[in-house]
Each structure stands twice: as C-alpha cells, then as structure tokens.
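Report on one structure; see the data block that follows.
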Amino acid sequence: MQSETNLLQGLNDKQLQAVTLPHLSALILAGAGSGKTRVLTTRIAWLIQTGQTSPMGLMAVTFTNKAAKEMLTRLTSMLPINTRGMWAGTFHGLCNRMLRAHYREARLPSTFQILDTADQLSAIKRVMKAMNVDDEKYPPKQVMGYINSCKEEGLRAETVDAYDGHSQKLREIYAAYDQQCNREGVADFAELLLRCYELLEREPHIRAHYQQRFQYILVDEFQDTNRLQYLWLKLLGGAHNSIFAVGDDDQSIYAFRGARVGNMSDFQRDFNVQNIVKLEENYRSHSNILDAANAIITNNRNRLGKNLWTSAGKGEPIRIYEAYNDTDEAQFIVDEVNMLQKEGVPLGDMALLYRSNAQSRILEHTLFSANIPYRVYGGLRFFERAEIKHALAYLRLIANANDDTALLRIVNFPPRGIGARGLEQLQEAARQNECSLWQAATNKVGEGKLGSKGLDGFVALIRQMVDHGYGITLGEMAEMVINLSGLMAHYQNDKEGEDRIENLQELVTAAVAFSNQSLGNHHNMDEDADQLTQFLNHASLEAGDHQADVGHEALQLMTVHAAKGLEFHSVFIGGVEEGLFPHEQAAYENGGLEEERRLMYVAVTRARQRLYLTYAQSRMLHGQVRYGIASRFIDEIPADLTKRLNSKPVAKPYAAGGQYNAQPVQASSAQSSYPFKIGQSVRHGKFGEGVVVSYEGNANDLAIKVNFGSAGLKTLMLEYAKLEKI
DNA sequence: CGACGTCCCCTTTTT
DNA sequence: GGGGACGTCG
C-alpha cells in the first residue's frame, strides 16, 4: 500500500489544505486549470487511506458520466481498492439507484423506465392531444421546459403557482403528464431527482439510513447544481455530515438549464461553511492568457472573487485577427493550423471553438478543402439514433408492456399496416378503460374485435419476443429483437440503411459487453433490477460520450460549452463578434451577458500556449449577410497582452489595442457605416428609448436592429431611422 | 403508406 | 442556408 506522504506528494499548499480538511463542510473554489479533479480524488483517497471513512461511507456526485468515470479511474490508480459498489456517479445515476432500491416507497414499479428528452417530448405531445390543447398556443417544447423547470424547483402541479389562464393550463398539462407517466411506469430525468428527493423527505428511516451512511459527501462542479439538486444534497447532508463542494463560479455556464450559481453562497450560509479554499494557481496556461481571462471576468459583478496566476511566464501574446468575412476567417484559421502543424504542434492538440454549432459548417467546409483531418463534437449520440431507439423500444416493451411511449414508437415500425385510424381506436379504448395501450390491444385481440390485422400481428410478435426472451443472454435478446421485429430486414431493403445496420450490430455488441461487465459491475448498480432493465437504464442515462477525448489526431471542433474541462496547446475562438459572442439572445435574459462573459472566460482558459481570437466584418447567418463588429470581450483584454495580426478596417474609434493597428485601411468608410455601437442606448421619435442590438442587411442599405423594450424589437433602415444617442 | 413540397425558425446541453 | 415538422398527392 502506498504511504500517506506519497499520496499527498506534489500538491501545493492550497491543494494540500483542501485535501486534508477536517470533517466539516467546505467550499473549494477551484479556478480553471488549478488541479480540481486531482484535489477531489486525492481527498477521497486520503479519507479512505487514513481510515476516516470506507469506500462505502462516502458519496461522490458529478454531472457527467465522463467525470464520474475519470474520478474512479484516478482513484484506483492511487489506492488499491475496488470501486465496485461505491456511491460515485451522476446526480441522476445515484437517484436512480436509490429509487430502484426503494421502489415501493417511491411508488414506482420495479421495472420503471427512464424517458430521455425525446421520449418526454413525445409523451407531452400525447397528453396534450388527449386534452385537446392547442399546440400553437402551447408549443410542446415550451411545455416541456415548463414542466422540467417546475420539477427542478421541487414543485409538483399541486404546489406550483398559477396566476392566469395560461399558467393554469400549463399546470393542468403538468398534472396530466405526471399522471400519464405514473400510469405507464416511466420517469423523465427531472423526475428521477424529484422523486428521490420526495422519497427522502417523506421516509425518515430511509433518509436516516443514507445520512448515517454518507458521512462524507463530495460534489463536483457545484456551480452547475440546480435548486433541486441542492435541496437533495442538503437533505442527505443532514445536520452533521460534511459536504465537500468543489466549483468555480466563474465557470458557471449552465444557468440556461437551471444551474444556480447562488447555490454556492446559499451553501456557505446554510452549512455555516468556515472552510473556503481558493485554488488559484494555474498549471495550464502562460500568464498572458490568464491575465486576459482575469481581465475579462473582472467585468462581472457578484463574483466570489478569484484571480488565476502562474509561474510559467508571460508566453505568447494573444493573437487577434479581424477577417473580412466568414470565409476569410476560416481560411486564416486553416493557414495557421497548417503552420502550427509544421512547427510540430500535433493536430489533436489544437481546438477550434465557437459559440454556436451553426458556425461549424463553413469551418468544416474549409478544413475539408484543405485536407485537414478534423473531428466535430456534438450531434446525435449512439443511443439517440432512430434505429437504436426503435430496437430499444422493443426491449422496453418486453421489460414493461405498459410503456406507451415505447409502444407508439414501434407499433407500426417497420410498417405492418397499422394506420392512424387503428391507432386512434386503440388510444380511445385505452382511455375508456384507463389502461395502457398494450392492455387495450390485448383486450381487442382477445375479444376478436380487431382494429386491424396488423395489430393482431403486433401483439403476437411482442408475445413471441417475451417467450423467446426467457433464459437467454442480453446480447441474444438484442439480436432476437432486431431480427424478429423486422428492423434488420427493413434497413437491409433500404439502400441508405448501411449505417443503421452497422449501428444495430453495434447495439448487439454493446449489449454483450454490458452483460459481461455487469458481472464485475461498474454501472448503475441497480441491485434490484434485472439485467434488461439495467441495460435500458444504462442506455437512457449514458446516451454515449459527447465530450471530446484528447489525443485524437485530428483538429478538434466544438462549442465552447463542450470544451469545458479540456485543454489544448493552441486554441482558436472564432466569431468573437457582438451578436454572436456575446450571443444576441443573451441580451434579453437576466444575467445573460454575464453568463456569456463566463463562457468567454472558459474559452480563453482552454489554451496552454497560444490563443487566437478571430472575428469577421460580415458573415452569412440565417441565409442573410450580417455585419458584425468585434466583441466587447476583445475590448476587455488589455492591449499589451494582444497582438493584432492584421487590422483591416477598424470600425471602432474606441477600440483597444490601438498601437497594433498598423494599417488603418478603409477605416473611414467602415467607420461611418456603423454610427452606433452595439449596446448603445438610443431614442426614436415613435418607439422611444431602445438599445442597439445588431446591424443587418448589406452595405448599401444597412438596417439596424433596436430593442425598444415594451415597443418590441424593431429593424429599421439606418438611412431613415432618426436615432439619437442617449 | 411513403415521397415530395412547403413553411418556419433558428444559442449553449447533460441526464 | 438548411433542417425539421407537417401536409398533400400519387
């Protein structure tokens, strides 16, 4: 066994302090690149090694499966322990595990299935149809957002406020949706958390059991927790447990999906946190990069306060390139990538980051033409692909025949002659008997009242699958389902079905691998669930890796969000323009601009050696040419940290970094086209006061977009709009 | 039932 | 510009 000193070796003072804190709640403010994961895992290893707790006496919570896996991998490299059975995983994974263990008290069937986002949306559409709700007035996606944010606030339909007709309707849909889920025995992601929270709140003995067990609770990325997650932690933490929260308020970039940075200060207050350790020494970047990041983030208010530093030296200046248009920007990046590669920087150690996915197309196009291998992150994940979801739906029906969502997905896929009319009859029968579609279907078949021959065949097919399913392995079951259902044959007849066939085969492989692994289980540890249910949970909770793995010999393309937690030798941030980054939409949201700034902070701190910020004077957006100006975030970087690589037209007399603007080409004409800075307050004779949002149209007849608040968002021809600055 | 056309909208994303 | 959702026609 390794010695204690060995474990703690190489930690700096602050890291050491954090790792060895006493059994009290603590907040670790871990800046970018400050060794956060190391501190977290070393703390766990140290607690176990010194006998303060056992692997079973602690709980470690993360947001992503990737982070959980990495934590466990690092832990096993530090300590010769078996991580099997440890309560380490994502919020959802851990809640799922508790719900499986106490499904009766949680009022769930033992085989309850998990709805992913797409399943949830279709379930909501189904409820709304049954209720005859106008989906123009209540767009299903918005309804889903409403339901999820209620759940994330810990509110049920019975407890949520509704002040007008609209919100009353929403509340009604919410109630009906929850009823439907209960009837079908399914739970969406937010439900896993809320159900688990309610379970712990309602059942004192279960709560006491876990409180007693988890004397140490460690939470990663604490700044990303939502209200419900915080309440859940609070419940488990109880009065005397130690919660070790690691996070960085400056890297909170998920407010849009319910994250509450405020949980950090609530935590300090609620748990009377005396131990606050700031990890500010950065082991990743040179100081020019860190100074730029610090300078940007200083513009945010209400920070907990933190300044990154390094002993690595100044390093290279931050390169800023103003492109003529998006094509020029892409070409510039390609040229620089080629040059860096010649200098010996591995392609996989360079990243191209952007604010929104739409920006990747032109970059991909240019990279493709230049023959540079690249890899784009994002898009559909394995378990989200249509053919995989189809195959899984058959498996779900075998596990739980009342899962209407699954049934509807495949009742007529591959096509077997069940039309909309037949389905409507079936749904009507289910509604009348208050039973699931499957029960309604079997009744019909039993009574000989067939809506269609197809339905008869479908019922027989599922029964056949259930029969065949006894006593065979998971892999065999997957194979059986794919063949008996006709999915395989269907895609074989489709001349573009090759990829789908490959994916279906991959699913069989995944099922085989899963059952092999679950012998020495590393997964969700649903001790009480059978293997099929476990596999289906795995598919819902781990839809596949989305995040980049370093070391791929290809240029890495991803959104800034996807880049969080990663680092690269060289980083290009494209489209650093007003309207794009900060994103136009952010201007309308409360605190939106500050979140954009944190996003820029995250982006900048990904670079170790070299950082490029590029922006374009014009680019195609939504099929229209848009004219942009450099992002305010560029202005926030002190000029002496930057190097302007060109500087064609500088349309901004107020631009920072003037000494590098060696060639003020065409400056005069460009300058006069943009009389107002984005964000400038203006007054209009008719609409009143507003804020300049963006410029649109082409150079000859430039339009200006202004947000007049209550008068709305207006696009005005610049030439005629009599706007005055306020 | 499926192929094709039209309309609409358009951040970020994990579970 | 382009993908997704929906509707119509063969």
Side-chain angles (χ1 to χ4, degrees), chain A residues 61-68 89-96 114-122 125 135-136 139-141 145 148 151-152 187-194 196 220-221 224-226 228-229 252-259 326 353-362 365 377-381 383-384 386 412-422 454 494 524 537-547 558-565 575 579-589 592 595-596 598-600 602-603 619-626:
Chain A
V61 202
T62 62
F63 274 86
T64 64
N65 294 298
K66 192 186 175 194
T90 62
F91 279 98
H92 294 85
L94 296 171
C95 285
N96 177 50
I114 300 166
L115 299 185
D116 70 14
T117 311
D119 296 332
Q120 188 189 12
L121 187 63
S122 73
K125 284 182 182 163
D135 59 3
E136 297 228 323
K141 276 203 176 125
N148 287 338
K151 291 189 179 185
E152 281 162 10
D188 59 56
F189 288 130
E191 183 70 25
L192 292 176
L193 298 182
L194 182 53
C196 187
D220 190 18
E221 305 278 16
D224 289 337
T225 49
N226 63 35
L228 180 58
Q229 285 158 342
S252 160
I253 54 174
Y254 288 111
F256 73 89
R257 64 171 199 218
D326 43 2
L353 310 183
Y354 33 81
R355 175 64 181 83
S356 61
N357 284 308
Q359 285 168 257
S360 77
R361 190 174 303 120
I362 186 154
H365 179 81
Y377 292 89
L380 270 195
R381 294 173 294 177
F383 284 109
E384 289 169 353
N412 196 38
F413 195 91
R416 49 178 72 90
I418 300 172
R421 280 183 311 278
D494 183 349
N524 296 313
N537 288 335
H538 165 78
S540 304
L541 289 172
E542 298 189 44
D545 257 348
H546 222 178
Q547 265 223 316
M558 66 193 89
T559 62
V560 179
H561 284 91
K564 193 178 166 201
L580 255 188
F581 201 173
H583 198 279
E584 194 182 314
Q585 297 291 110
Y588 308 121
E589 282 156 28
E595 178 143 318
E596 294 290 307
R598 292 192 292 268
L599 202 50
M600 181 54 84
V602 168
R619 73 171 66 235
M620 272 302 239
L621 212 63
H622 310 322
Q624 235 186 347
V625 179
R626 294 236 326 204

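In what follows, chains are A, B, ... by sequence order, proteins preceding strands, each numbered from 1.
- Residues A:Y377 and A:T559 are not in side-chain contact: their nearest non-hydrogen atoms beyond the backbone lie 4.5 Å or more apart.
- Side-chain contact between A:E589 and A:E595 is absent, with no heavy-atom pair separated by less than 4.5 Å.
- Side-chain contact between A:R626 and A:L580 is absent, with no heavy atoms from C-beta onward closer than 4.5 Å.
- In this structure, the NZ atom of A:K66 is 14 Å from the P atom of B:dT13, given to the nearest Å.
- To the nearest 0.5 Å, the span separating CZ on A:R257 from NE2 on A:H561 amounts to 8.0 Å.
- Considering CG of A:N148 and CD of A:E191, their distance stands at 10.0 Å, rounded to 0.5 Å.
- Here the separation of C:dA5 from B:dT12, taken at their C1' atoms, is 23 Å to the nearest Å.
- Here the CG-CG distance, from A:L228 to A:L194, works out to 5.5 Å after rounding to the nearest 0.5 Å.
- A distance of 10.5 Å separates CG of A:N96 from CG of A:L193, quoted to the nearest 0.5 Å.
- Contacts between chain A and DNA chain C, taken as any atom within less than 4.0 angstrom of a protein heavy atom, begin and end at C:dG1 to C:dG2.
- A straight line from CE of A:M558 to C1' of B:dT14 spans 16 Å, rounded to a whole angstrom.
- For B:dT11, the base adopts the syn conformation, since its glycosidic angle falls within 90 degrees of zero.
- Between the CD atom of A:E542 and the C1' atom of B:dT15 there is a distance of 10 Å, given to the nearest Å.
- For B:dT15, one of the phosphate oxygens OP1 or OP2 lies less than 4.0 angstrom from a side-chain nitrogen or oxygen of A:N65.
- The base of B:dT15 sits within donor-acceptor range of the side chain of A:T117, with an N or O pair under 3.5 Å.
- Between A:E221 atom CD and B:dT15 atom C1' the separation is 15 Å, expressed in whole Å.
- With respect to A:R381 and A:D116, no salt bridge is recorded, no charged nitrogen being found less than 4.0 Å from a carboxylate O.
- Following rounding to the nearest Å, A:F383 (CZ) and B:dT15 (C1') show an atom-to-atom distance of 14 Å.
- Close to B:dT15, at under 4.0 Å from its OP1 or OP2, lies a side-chain N or O of A:R381.
- Note on A:N226: nothing from the nucleic acid sits closer than 4.0 angstrom, heavy atoms only.
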Quick one: which protein N/O atoms are closer than 3.5 Å to N/O atoms of nucleotides 9-12 of chain B? Pair and distance per line, please.
| unit_1 | atom_1 | unit_2 | atom_2 | d |
| --- | --- | --- | --- | --- |
| B:dT11 | O4' | A:H583 | NE2 | 3.3 |
| B:dT11 | O4 | A:E589 | OE1 | 3.3 |
| B:dT11 | O4 | A:E589 | OE2 | 2.2 |
| B:dT12 | OP1 | A:N357 | N | 2.8 |
| B:dT12 | OP1 | A:N357 | ND2 | 3.2 |
| B:dT12 | O4' | A:R355 | NH1 | 3.0 |
| B:dT12 | O2 | A:R355 | NH2 | 3.0 |

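- In this entry the distance linking NZ of A:K141 with P of B:dT13 reads 14 Å, nearest Å.
- The CZ atom of A:F91 sits 13 Å away from the P atom of B:dT15 (whole-angstrom rounding).
- Judged by distance alone, with hydrogens and angles left aside, the side-chain atoms of A:E596 form a donor-acceptor pair with the main-chain N or O of A:H583 at under 3.5 Å.
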